[in-house]
Amino acid sequence: MVRRPPQPSPEPAEWRTLSPDDPEAFPKAVVFDLDYTLWDLWIDTHISPPLRRRGEEVNALVDRRGSTLEFYPEVPGILAALKARGTTIGVASRTSAIDLAQEALSLLLVPGVDGAIVKARSFFDVIEIYPSSKIKHFHEIHKRTRIPYEQMLFFDDESRNHDTESLGVTMHLIRDGMNRAEWDKGLARWRKRRGIKVRGNDSN
Ligand SMILES: [Mg+2]
């Protein structure tokens, strides 16, 4: 009798090799958590409203007590690269500070695709912010975008949110905030689950 393994093998049954500029070598949607993924704080405990921006200052807001809120340094470039590729970009956060998080995204200024300064909010096609299992956030993201879960790559700093992988989403657990090295690791993980190798790229 052949015993079935308790979990499906992470190795795909078949591999296909794509060129590095093939759109199929990239997920159609990339979703980010907020706290300790895009910024270095818990917005519900570390930030006291109101938030304000000092003039047209880029990637910096200050709260009532003078604490600063900003994206990790490589985040704006990552968002702009995704936007340039036509990727759907989402937020999935379980913070209870819903209005404050929305306000931060609307106030924060960052360099856009062509270098012009834009509101961070303009990068995001779908924003789901409320306390709940992130399964619910992804149900909503799927409902609103119609993008299959298998085409979603998710970055988050909390391992409990790996439960989203039961939907078919690929989650990459990050350590010290979002940056290009984490992007590369997450993309490699998504490609591996999809059975995608990229020509000329030895790391996956
Ligand atoms: Mg977080």
Side-chain angles (χ1 to χ4, degrees), residues 27 29-49 51 59-65 67-83 87-110 119-142 144-145 147 149 151-190 193:
V30 175
V31 180
F32 300 94
D33 166 51
L34 289 176
D35 295 348
Y36 292 101
T37 296
L38 292 189
W39 51 52
D40 189 26
L41 47 79
W42 281 306
I43 195 164
D44 64 345
T45 53
H46 296 154
I47 293 295
S48 305
L51 273 170
N59 197 22
L61 302 175
V62 285
D63 78 348
R64 182 164 53 83
R65 294 176 305 186
S67 298
T68 303
L69 182 150
E70 60 193 12
F71 282 158
Y72 288 107
E74 294 181 3
V75 164
I78 291 167
L79 295 175
L82 290 172
K83 203 74 182 167
T87 308
T88 293
I89 308 176
V91 165
S93 166
R94 51 203 297 173
T95 184
S96 56
I98 299 168
D99 292 344
L100 194 56
Q102 293 273 11
E103 194 188 355
L105 294 175
S106 295
L107 275 176
L108 200 60
L109 296 178
V110 287
K119 288 181 176 172
R121 173 74 183 77
S122 69
F123 278 119
F124 299 104
D125 302 286
V126 55
I127 296 182
E128 298 292 326
I129 303 176
Y130 35 79
S132 173
S133 155
K134 291 212 178 170
I135 298 266
K136 175 166 169 51
H137 298 70
F138 275 88
H139 278 157
E140 292 300 319
I141 290 169
H142 172 63
R144 290 175 56 188
T145 64
I147 293 172
Y149 294 114
Q151 284 292 330
M152 296 183 188
L153 172 57
F154 175 38
F155 292 89
D156 196 295
D157 67 303
E158 288 190 67
S159 61
R160 63 177 171 170
N161 297 322
H162 266 129
D163 59 1
T164 53
E165 292 211 328
S166 65
L167 299 170
V169 171
T170 296
M171 178 183 137
H172 177 61
L173 183 68
I174 62 169
R175 283 204 172 168
D176 298 307
M178 191 64 206
N179 57 39
R180 289 199 178 83
E182 298 286 18
W183 163 256
D184 288 343
K185 286 185 209 163
L187 181 61
R189 181 171 159 77
W190 178 84
R193 287 188 80 192

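Atoms within each ligand, like the ligands themselves, are counted from 1 in listed order. Hydrogens, waters and symmetry mates are skipped; everything else that's a heavy atom, side chains included, is used.
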Peer 1: Has Asp33 got an N, O or S atom lying less than 2.8 Å from the Mg ion (ligand 1)?
Peer 2: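 A backbone or side-chain N, O or S atom of Asp33 is under 2.8 Å from the Mg ion (ligand 1).
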Peer 1: If the cut-off is 2.8 Å, does any N/O/S atom of Glu158 fall short of it from the Mg ion (ligand 1)?
Peer 2: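 Looking at Glu158, which is the residue asked about, there is no N, O or S atom under 2.8 Å from the Mg ion (ligand 1).
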Peer 1: Is it the case that Ser48 and Arg65 place a side-chain donor and acceptor less than 3.5 Å from each other?
Peer 2: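 There is such a pair between these side chains.
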Peer 1: Go through the side-chain N and O atoms of Trp183 and Asn179 and say whether any donor and acceptor fall under 3.5 Å apart.
Peer 2: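 Asn179 and Trp183 do not have a side-chain donor-acceptor pair below 3.5 Å.
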Peer 1: To make sure I understand the geometry: which N, O or S atom in Asp157 is closest to the Mg ion (ligand 1)?
Peer 2: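 When I compare the N, O and S atoms of Asp157, OD1 is nearest to the Mg ion (ligand 1).
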Peer 1: Could you tell me which N, O or S atom of Asp35 is nearest to the Mg ion (ligand 1)?
Peer 2: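 Closest to the Mg ion (ligand 1) among those atoms: O.
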Peer 1: Could you tell me whether a side-chain N or O of Ser67 sits under 3.5 Å from a main-chain N or O of Asp63, the two making a donor and an acceptor?
Peer 2: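 Not at all, since once roles are kept as given, no pair shorter than 3.5 Å links the two residues.
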Peer 1: Examine the side chains of Glu128 and Tyr130 and answer whether a donor and an acceptor come within less than 3.5 Å of each other.
Peer 2: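 The answer is yes; a qualifying pair exists.
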